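Not measured: the values here are computed from a predicted model.
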Amino acid sequence: MASRSQELERALVARVGPAVEEAFRESLPAWFDGVRRPMPWREGGADGRRDPYRVWVSEVMLQQTRVETATPYFERFVEAFPTVAALAAAPQDRVLKLWEGLGYYSRARNLHRAAGVVVAEHGGAVPDTEAAFRALPGVGPYTAAAVLSLAFGRPLAVLDGNVIRVLTRVFAVEADAKAGPTRRALQTLADQLLDTDDPGRFNEAVMELGALLCTPRSPNCPNCPLNGVCAAYAEGAPERYPVTSKAKPVPHHTVVVAVAADGAGRLLIQRRPEDAMLGGLWEFPGGKQEPGETLAETCRREVREELGVEVEVGRALARVEHAYSHFRITLHAFRCRLAGGEPVSASGEPIRWVQPESLDDYAFPRANRRVIEALQAEVRQPRLL
DNA sequence: AACCCGTGGGA
DNA sequence: TTCCCAAGGGT
């Protein structure tokens with residue numbers, strides 16, 4: 001009894017004939033050479049080869065992130081940490097500060113950890129075999145195939161969102177593109193199509209096609225080098241693919257944070273646990289409003305629970321709407337004053353009193369950064385009451 | 001397998 | 001405004 005992925009695999013691979021192979025291995029790379037966008041991690045060194053470390057950093061930053069968004073982060077990051085050894089030697093706070101605003105912060109923590117492993121176990125050289133590189137934290141099937149093909153010429157086909165979109169269209173795949181069996185079948189298909197003479201060029205060509213022409217909403221089929229072999233184009237409705245299940249509704253929470261100052265005007269911040277969401281970043285103490293609570297009550301309870309001290313809640317400082325990956329919040333920030341006692345973190349995480357100007361030295365999540373912006377705007381234009 | 005994990009931009 | 005989703009990985 002064949003599994004669903006095996007059945008789909010056979011059906012797809014059976015459709016790979018000379019015309020399809022020529023389209024993917026000749027027409028597509030030729031098109032790519034003409035439109036290839038310059039990117040800082042695409043520059044080769046004196047020997048014409050790319051620095052595996054820079055390719056690696058770029059691929060991690062590009063996970064679920066647009067090229068335009070990642071590019072300035074990449075420039076600053078490799079400037080600060082030019083080598084694996086430099087990254088491994090850096091304190092995590094500094095790594096997270098350079099990642100601030102890019103999101104999915106476990107990527108930064110894992111990359112930092114992985115750099116330590118590369119130094120400790122591979123003499124600082126990025127592993128050039130699939131098994132060794134894949135074993136590093138934060139390196140999954142996509143990143144392994146991307147780095148090893150682009151930097152070392154290994155014959156591994158990438159399967160990312162672009163490739164999934166291109167393949168499900170060319171082959172008119174009706175199955176749920178995100179489901180495991182479908183992904184496995186598409187990986188096999190990509191492996192089959194891969195041009196082993198220049199895997200890096202092939203992989204980048206498919207991804208560039210997905211980014212520039214075979215886009216989710218309104219694909220530019222008339223200019224596509226694959227339109228002669230594309231089933232979705234022949235059907236006349238390429239945007240119907242890939243087929244995916246509907247996203248489930250996201251919950252909404254009301255969150256309150258305390259911007260508490262001491263006599264010297266310093267503000268109280270705390271670091272989030274490493275294994276939590278936004279792990280390792282700093283924030284103002286606070287938390288979710290519970291049913292029946294006023295905002296001030298939430299503020300007092302959260303500070304009491306987290307730091308063991310009472311606060312007097314002052315006036316509202318900011319109201320921030322923010323969407324995370326799987327829920328939304330409305331965040332209310334209040335000026336607060338400690339009513340006595342020294343705050344002690346109940347979770348054991350570091351807390352710190354810092355001058356408002358020094359807040360820029362710490363990595364904060366976006367919503368907290370909005371609160372800081374409101375704080376700084378107030379300094380420039382003080383309230384008169 | 002299903003869920004968790006950020007953010008910004010475009011339609 | 002709301003929704004989608006972008007060079008995914010971990011659990």
Cluster check A/V57, A/V84: I/L/V/M/F/W/Y, side chain < 4.5 angstrom: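 Yes, A/V57 and A/V84 fall within the same hydrophobic cluster.
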Co-members of the apolar cluster containing A/V243 [side chain, <4.5 Å]: A/Y241
Sugar-phosphate, base or nothing in reach of A/A70, heavy atoms under 4.0 Å: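 No contact at all - A/A70 keeps every heavy atom at 4.0 Å or more from the nucleic acid.
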Sugar-phosphate only, base, or nothing, as touched by A/R37 at under 4.0 Å among non-hydrogen atoms: base
Which residues, if any, of [range] bring a heavy atom under 4.0 Å of DNA chain B?
range                       : result
residues 101-119 of chain A : A/G101, A/L102, A/G103, A/Y104, A/Y105
residues 53-66 of chain A   : A/Q64, A/T65, A/R66
residues 359-376 of chain A : A/P365, A/R366
residues 188-204 of chain A : none

Salt bridge flag under 4.0 Å for residues A/R271 and A/E306: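 So A/R271 does not pair with A/E306 through a salt bridge.
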A/R201/A/E26 ion pair, N-O < 4.0 Å: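 Answer for the salt bridge query: no.
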Nucleic acid contacts - residues 160-168 of chain A versus DNA chain C, non-hydrogen atoms under 4.0 Å: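 Here the set is A/D160, A/G161, A/N162, A/R165.
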Stretch residues 128-143 of chain A: residues that reach within less than 4.0 Å of DNA chain C through a heavy atom: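 Those residues are A/P137, A/G138, A/V139, A/G140, A/P141, A/Y142, A/T143.
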Applying side-chain contact (heavy atoms from CB on, under 4.5 Å), can you list everything that pairs with [X], at least two apart in sequence or on another chain?
X      : answer
A/Y324 : A/M277, A/L278, A/H322, A/F327, A/I329, A/A367
A/Q289 : A/T254, A/E293, A/L295, A/T298
A/V16  : A/V20, A/E21, A/F171, A/L189, A/Q192, A/L193

Spacing of the P atoms in C/dA7 and B/dC5 (rounded, Å):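 To the nearest whole Å, 23 Å.
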Distance, C1' atom - from B/dG6 to C/dC4, rounded to whole angstrom: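 These two C1' atoms come out 15 Å apart once rounded.
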Derivation and outcome, ring pair (Phe, Tyr, Trp, His ring centres under 6.0 Å), residues A/F74 and A/W41: CA-CA 8 Å; A/F74 175 84; A/W41 50 86; 5.2 Å; yes
Separation between OG1 of A/T143 and CG of A/L148, rounded to the nearest 0.5 Å: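 Reported to 0.5 Å precision, the distance equals 10.0 Å.
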Start and end of the DNA chain C segment that chain A contacts, any atom under 4.0 Å from a heavy atom: C/dC4 to C/dG10
Side-chain N or O of A/H326 closer than 4.0 Å to phosphate OP1/OP2 of B/dG6: no
Sequence-distant partners of A/D262, salt bridge (charged side-chain N to carboxylate O under 4.0 Å, His left out), two or more places apart: A/R266
